[in-house]
Amino acid sequence: MADDTTKPTIHTGGCLCGAVRYTLTSEPAMPMVCHCKHCQRQSGSAFSTIVAVPKSDCSVSGDISSYIDTADSGNMITRQFCDRCGSPLFTLSDTMPGMIFVKAGTLDDTDGYTPQVHIWAKSKQGWVETGEVPALEGNPG
Ligand SMILES: [Zn+2]
Ligand SMILES: [Zn+2]
């Protein structure tokens, strides 16, 4: 994946209904799985899959709504989702203001997605196996 750094990579994605579309102009970094209870509730699933890019490398079209959440860590988190279908799309953290965290399941092409770390493993659902991938009890910062 990192063998052709001269070629610009464009990753696209969007919500379920298609009203929100986004383009990432840099390679998504920090592929991680978050097992915090808030991600479980927001996704209605066992965890959320996330990648990060600099905010300036993410352009979004369509109407998104925001929910200001206080994370388990105590940090302020802005969770953004499609106005129409409710798909969770982005998370902004006040601890990393230059970055935007993208719900990796909304990428059009998830073939290259391999998580490098599990976070908030202390609230991980019991049936989920993390295998060889490092698992942190809390937040990486
Ligand atoms: Zn939508
Ligand atoms: Zn989480």
Side-chain angles (χ1 to χ4, degrees), residues 1-5 7-141:
M1 289 208 297
D3 56 8
D4 191 0
T5 49
K7 198 173 122 201
T9 45
I10 304 288
H11 293 267
T12 56
C15 67
L16 177 61
C17 76
V20 179
R21 294 290 302 163
Y22 63 83
T23 301
L24 310 180
T25 53
S26 61
E27 190 63 33
M30 299 163 61
M32 59 188 159
V33 177
C34 183
H35 298 271
C36 82
K37 190 63 193 165
H38 294 221
C39 281
Q40 293 181 21
R41 283 196 202 284
Q42 192 199 21
S43 65
S45 180
F47 47 73
S48 62
T49 54
I50 302 164
V51 289
V53 293
K55 228 161 135 180
S56 55
D57 293 345
C58 178
S59 60
V60 181
S61 64
D63 293 328
I64 49 176
S65 289
S66 294
Y67 171 68
I68 310 295
D69 188 18
T70 305
D72 286 352
S73 59
N75 297 327
M76 295 293 280
I77 298 282
T78 304
R79 294 177 178 272
Q80 299 185 316
F81 52 94
C82 172
D83 249 4
R84 189 168 149 208
C85 70
S87 301
L89 291 158
F90 310 111
T91 306
L92 304 166
S93 170
D94 65 349
T95 59
M96 295 183 76
M99 300 299 285
I100 186 164
F101 298 89
V102 180
K103 300 290 184 184
T106 65
L107 287 163
D108 292 333
D109 181 357
T110 54
D111 282 356
Y113 185 80
T114 308
Q116 287 173 1
V117 66
H118 291 264
I119 63 171
W120 292 104
K122 68 179 178 187
S123 48
K124 182 175 75 61
Q125 293 183 14
W127 61 272
V128 178
E129 305 278 351
T130 56
E132 300 296 304
V133 180
L136 306 175
E137 284 295 289
N139 170 303

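Numbers here are sequence positions counted from 1. The basis for the numbers below is simple: all heavy atoms, side chains too, and nothing from hydrogens, waters or symmetry mates. Order of listing sets the numbers, starting from 1, for every ligand and every atom in it.
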- Query: CG of N75 to OG1 of T70: how many Å apart, nearest 0.5 Å?
  - Reply: 9.0 Å
- Evaluate the side chain to side chain donor-acceptor pair (under 3.5 Å) criterion for residues T12 and D108: first the C-alpha distance (whole Å), next the side-chain angles of each, then the deciding distance (0.1 Å), finally the verdict. CA-CA 6 Å; T12 56; D108 292 333; 2.5 Å; yes
- Query: For atom CZ of R84, is the number of surrounding heavy atoms from other residues, nucleotides or ligands below 6.0 Å larger than 12?
  - Reply: no
- Item | Q40 side chain vs S123 backbone, donor-acceptor pair below 3.5 Å | yes
- Task: Give a yes or no on whether the backbone of Q80 and the side-chain of S66 come within a donor-acceptor separation of less than 3.5 Å.
- Result: no
- Tell me the protein N, O or S atoms under 2.8 Å from the Zn ion (ligand 2), in chain and number order. C34 SG, C36 SG, C39 SG
- Is there a side-chain contact between L107 and L24 (heavy atoms, below 4.5 Å)? yes
- Query: Ignoring waters, how many protein N/O/S atoms are under 2.8 Å from the Zn ion (ligand 1)?
  - Reply: 4
- Message: Is it the case that the side chain of Q116 and the backbone of M32 share a donor-acceptor pair, with hydrogens and angles ignored and the cut-off at 3.5 Å?
- Response: no
- Task: Give a yes or no on whether the backbone of C15 and the side-chain of Y22 come within a donor-acceptor separation of less than 3.5 Å.
- Result: no
- Message: Against E137, only a single residue in K124, K122, H118 fulfils side-chain contact (heavy atoms from CB on, under 4.5 Å); can you say which?
- Response: K122
